[in-house]
Amino acid sequence: MHAFIQAVILGILTGGVYALMASGQTLIFGIMKVVNLAQGALVVLGAYLTYTLFTQLGIDPFLSILITTPLLFLVGVAVQWALLRPLHGDDVAQLSLLVTFAIALGIEGVLSFAYSATLTNVQPSYANFSWTVLGYQVSLVRFVAFVLSLVMLGALYFILQRTKFGRSVRATVQNPMSAQLLGVNANRVSALGFGLGAATAAAAGSVFGMLNSFNPGSHYDLISRLLTIVVLGGLGSIGGSVVAALVMGVASSVVSALASPIWSDFTFFIVLLLVLLIRPRGLFGARTRGAL
Amino acid sequence: MKRTFTKAGLIRAGIFFLILILVPIIGGPGWLLNTLIFTIMYAALSSSWNLLGGYAGYPSLGHVAFFGIGAYAVGIIFSDSVYGGYAPFFVLPIIGIAVGLLSIPIGWVSMRTRADVFAIVTITLLFITQTLAFNLKSITGGAQGKSVAPAPFDVSTYDWPFYYAMLILLAIAMGVSLYFRRSKIGLSLATVRADEDKAHGVGVRVTAVKLIAFAVSSGLVAMVGGVWAYYVGFIYPQFAVDPLITIGMVLMAFLGGRGTLWGPVLGAFILVPAQEYFAQAFGASQLYLIAYAAVFLVIMLFLPRGILPSIADRLKKRRASAAGDARDAADTPVPVGSANEPKVAR
């Protein structure tokens, strides 16, 4: 029982970070109807940026979020502007998907060129510090990462609900055609939306680098987990992705603790399979979403 | 879409295969045959991918899973002895059929989704297979890998059986592709690609044809994987289920033109030698990852339909303007999503 509760605590804390990554991805899907296969690579890019800032300049990994987030926001905007917007033809959706895949490969290639393929992680002095609450271990890094993810999600929520940009995003998600007719600049919304998605990846990446060992190829693991989460939550639903991230975080952590870490990845696959069999539109996906 | 065999097409295929058949006999530098084996392997893989990704419009990003399954099947059956050397080739058809049948339930589940999510599901399939290959140590040998017993072929002609096996597989893949183009299955797949709901509505048996395409495509890929495993001799999870192989298949089909007979072959004959050359010239494998990404992006942005459909369009326009000659080039590939794609309504 102790192991089980410990695993649940760990799962919730990890799930928070996944929620941050996944919310960006599902936001991009909601706006552009593009499944962003580069989200994992962007997270890894964020982790490497944090790693460099920490080892070269001694900047605290949590503080470096203030640098990496705007940086990747710009990268995201540039990617959308240069690579996704010019696409045309009848099967733009399929082309966009493959373009994001190519971007992921490009990032992996650049990272393995700049760094080596060996696993690294970001190790600040407090990396192994943890509290003991009622007999359960709560690691400082995981706890702060969780709180930080909540703050970032809150900020995202604020942007979407309370700003003019957020309103045009929500309008675009609901009905792109009407939104454009009412004067929403679709290109601008898409570019900023992609930037926002990349920014969440950056923030999550800084944290990811402290919690996990990573190498340039890590984005494959990440993307398959993230995709499971966004499909489970219902593509395009940010709330859904947060719930799904917590569910998957707990599920994989429990499996890892009670069975074996090897099989924790399988929880993701099995959940994905079940969702597709039973409820392909996910927990909170609308029936009319484009993809399904 | 329905055309009979044309003289030009037959001659083209005849010359292509004749040259490839003669290459080992005429001989050449040692690297030539080795490069050609991988080129033909990718041509066969990409042609098989094209059956599903091109004709049906379901872009699988996880086909390398079946490649890996085929590779491990050969590795597991022939780990001790290859019984005279040719036994693995004779077992291949059985492996192909078995994997094809195995893939039907997988296809049934994954094709409940449309393009985007289908790509997600197939990527996941890739990881399931890789994770299993790493973790089912008693069967696959885990990270230590699995070795196939060495082939007892004569050193001077060692590569020949593998070369011809790959060539036969390419011929089969292209034959199936040709058959798809000229049969009811091909027409049904074209309707699935154009508008699956409408096709279903007017009575096309969409699920059946999708599953046929999925099973044939993955069975062929598995057979190619089997030959590959026998040729390289050692199978490791990260190489047998390498995402780069999937990307290769997709990229080559896109470069040459998906939904065409010769597009994937053309793509493979451009990209694989280029890749070998760059690997020789630069050495670093990270660089070719970047090069792959760059080629991919350039194709998507400037040549989204691939080389052959673009050329075909241009030729067609020139001909139409020059003489108004009604007799069109008989073997014009059907480009995906082009304006002159035949309207198939049943």
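Keep in mind that the numbers below use all heavy atoms, side chains included, and drop hydrogens, waters and symmetry copies. Convention: sequence-line order gives letters A, B, ...; per-chain numbering from 1. Everything numeric in this text was worked out from a predicted model, so none of it was measured.
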Turns out that what part of B:V295 lies under 4.5 Å from chain A's heavy atoms comes down to neither
If one checks every heavy atom of B:L61 against chain A at 4.5 Å, the contacting part turns out to be side chain
Greatest number of non-hydrogen atom pairs under 4.5 angstrom with chain A, of B:L297, B:V109, B:I123, falls to B:L297
Highest number of heavy-atom pairs under 4.5 Å with chain A among B:V250, B:I247, B:L126 belongs to B:I247
Closest non-hydrogen contact found for A:A102 with B:A293 is O-CB, 3.3 Å
Bottom line for A:L84: the part with an atom under 4.5 Å from chain B's heavy atoms is neither
All heavy atoms of A:L97 vs all of B:A119, minimum pair found to be CD2-CB, 3.2 Å
Note: vs chain A, highest number of non-hydrogen pairs under 4.5 angstrom among B:T131, B:L251, B:L125 is B:T131
If one checks every heavy atom of B:F254 against chain A at 4.5 Å, the contacting part turns out to be side chain
Between the CG atom in A:L95 and the CD1 atom in B:I299, the distance rounded to the nearest 0.5 Å is 11.0 Å
Counting heavy-atom pairs under 4.5 Å with chain A, the top scorer among B:F302, B:F296, B:Y292 is B:F296
Checked B:L244, B:V121, B:L301 vs chain A; the most non-hydrogen pairs under 4.5 Å come from B:L301
Looking only at A:L98, A:T228, A:L272, A:I103, the option with the highest number of non-hydrogen pairs under 4.5 Å against chain B is A:L98
Bottom line for A:A114: the part with an atom under 4.5 Å from chain B's heavy atoms is neither
Q.
Tell me whether the rings of B:F127 and A:Y220 are parallel (<30°), tilted (30 to 60°) or perpendicular (>60°).
A. tilted
